[in-house]
> 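First the structure, which I've put down as structure tokens, then a few questions once you've had a look.
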Amino acid sequence: MKSTASTIRVLALAALAVAIWALAKYGQAMPRVVPADAPLTEFSAMRADAMLARLLGPEKPHPASTDENAAVRERIVQEFLKIGGHVLHDTAMGCDVGRRAAYVACATVTDIIAGVRGGKGKAIILLAHFDSVPAGPGAADDGAGVATVLETARALRARGGKTLHPVIAVLTDGEEYGLLGAAAFLDNPVLKDRVGAVINVEARGNRGASRLFQTSPGDEKLIDLYAASVSTYATSSLYAEIYKYMPNDTDLTLFIRDGFPAFNFAFADNVAHYHTPLDLRRNLSLVTLQQHGDNMLGVAGALMQTPYTNLKGPDAVYVDVLGRWLLHIPESWALPGAIALLILLAGAVAVSHGPKVETREWLRAAAIFPALLIGAGAAGWLLSEIAELVSGMPDPSYAHPIALRTALTLGVAAVTIAVSRLAGLRAAASAVWLWLAVLGVAVALFLPGFSPYFLAPAAFAAVLTLATARLGWGSAVGRAALIVAALAGLVLWLQLAASGETLMGLKLHPLFTLPAAFGVATLVPLLATPQLPKRFWLYATGGCFGVAIAAAIVAGFQPAYSESAPQRLNLNYIVDNATGDATWAADATAPLPPALRAAAKFSEEPEQPYSSSWRKAYLAPAERAAVRMPGATILANAREGLTRTVTLGLNGSPDAAMMTLVVPGAAKLRRIVIGQKAVEVPAAWAEQNFVTIACMSRDCATMPVTLDMADNGPLNLTIIERRAGLPGFGAKLAQARGKTAVPSQFGDGIMLLTPVTVPGP
Ligand SMILES: [Zn+2]
């Protein structure tokens, strides 16, 4: 009898947690898709989608400085002309100086700048990029953004009415090569002077919520404005904290660095299609496009009525709840709030009634929370390792996540049940909530963007537990209060587990298991009393864990990749004049498909394809084709004072998509001039083995490059010409890649390396 009651209780609590997770994953409030015949003052995803079809035409990749890029640009201009207003092009060299690597990227890019609403003063910028990566047609990234800007511009013109600020659409080129269009735009003082505030729309997938994932510092007023101007929310101050540590950047990075008030919206579900040939219009969610548009039109409309001075303020911390509500407070409230909640919860614990708790039980209760977190993290690690071991693939659940997700869920459940016998109701409830409140104080101090996840549940719990503490938590009212108090924690934390999985996949399992553990920690007190009978407890813990391991094994037996979630696998044909070798190089992020391995003699282990390469690859010998190799003419090599200046005339073929110059760090580069554009080089790069200078437009093939440096010795450079696509005789190899692998990002290419030595001056 006793175990039947326990089973019902465990299952009921598990069902509650799973139901809330499912609600967070599938029940997030999203807008209704507005049909094409809706009033012209509205944003219609149907209209934007039709516009996108016209813009993309044949849906070909259109990276900067290609014929396809020029064709897409011309179609965008035609759409702007239809809407009305003037359009200009801005062609200039844009450069990006690497912040994380000794790398300079430059290209001649052409931005599109279109007037949307006239007026005096600085403008609201509607920002997106129209270039794509070489490997994919960019329907979502960032075609969806371009269509969103156009449909928003159209709606804003249709609305008419007064505006405090002009509105300008800026569609940048060369974003994928390092924010080059945005850099060129901001390099132009006349254009930069027009900027008042910026709304950027981006993509890192093709479904899910269009999230406000980044704002400029001092964002309290921006969040107020967002809260008031859109109907469904998807945001969290935690995203901005995480985004700081991610290698990705968007055009908005540069605008934020220059101090403009800014909003950054992006959708990021189904990242498997991002930067691949699958980034097609048919794979883009219309609901997502609608939310993208509602965000941009809502925020732009509100900005038009807001003086810029009203946008200045302190930081805020915030989180949406299931897309329906937006909790937001000034960041300066987080710490006092967290301390107040800790005092309130400590008060509730102090005045609460219940069975007497011995010191040892208090200690065991205090261990519940850390044990649950460590246990969940360890279970996640173990289960992922099992799946990886069985699969032999680095990310076994990439294409089929359900089995591993089940395993991880059961792993967390096993640990939760395991820790439930550590203490009784009163001690467990007190300890779990005090932990959350204490961590709330720590987080408010060190990672304030994260604090809503602690403050909101703790506030909810503090009020409820304080109100019911005198009744004793064991009473029916006390238990009801504990369940209700648990809800806030469950919703916020399981929402985080659900979005963590869609953003990063289960490869980053702690982003799933740890938020889940935080959420279900609030259920442990309800599991603790009456204490689960020892036998039942053992079977339940062991049973959950056993099934979790079985599910992890099943996950390992499933194919890691599928046609809709393919392996990212670029092929490069490399000819190196230094060695005379021709080589096939295949991306080594995962083992090669057997058919590809059979098609050429690829190395067993990843190897360095050439000395200055950043990544290892599986290499195979290739036939040496008759191909024109790049070179350089030394136009100048002189020393003046402490500076030596070398000017090279690059000599690439008309097929060159990119020319790269690899300079040894020991040359002590100070300054680079590419075409007309000068770039200062950080002194710290002298410590690097190589400084890589990539010129990524077609005019680079014959570009003069000047290097100012401190070193006077012989200068051993490598010039690399990159062409898009494989040579004709590589077609068989490309085919052997199969249907479950695709090129991504830069895609397949030909790389031709020539060493060039410049003698001392
Ligand atoms: Zn993008």
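Computation of the quantities below employed the complete heavy-atom set of this structure, encompassing side-chain atoms and omitting hydrogens, waters and symmetry-equivalent molecules. Computed from a prediction, not measured in an experiment: that's the story for all the values here. We count ligands from 1, going down the list as the structure has it; atoms in each ligand are counted the same way.
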> Can you confirm whether Arg615 is buried at CZ, in the sense that more than 12 heavy atoms of other residues, nucleotides or ligands lie under 6.0 Å from that atom?
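No, the 6.0 Å shell around CZ holds no more than 12 heavy atoms from other groups.
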
> Would you mind counting protein N, O or S atoms that sit less than 2.8 Å from the Zn ion (ligand 1)?
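My tally for this metal is 4.
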
> Is the Cys695 SG less than 2.5 Å from the Cys106 SG?
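Disulfide absent: SG-SG distance not under 2.5 Å.
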
> Less than 4.0 Å between a side-chain N and a carboxylate O, is that true for Asp67 and Arg698?
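Asp67 and Arg698: salt-bridged.
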
> Under the rule for salt bridge (Lys or Arg N to Asp or Glu O under 4.0 Å), what residues qualify as partners of Arg568, not counting sequence neighbours?
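By the salt bridge (Lys or Arg N to Asp or Glu O under 4.0 Å) rule, Arg568 matches no residue at all.
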
> Heavy-atom count around Lys507 NZ within 6.0 Å, excluding the residue itself: above 12?
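Count over threshold, so yes.
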
> Answer whether the closest heavy-atom distance between the side chains of Ser613 and Phe690 falls below 4.5 Å.
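The answer is no, as the side chains (C-beta and beyond) never meet within the 4.5 Å cut-off.
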
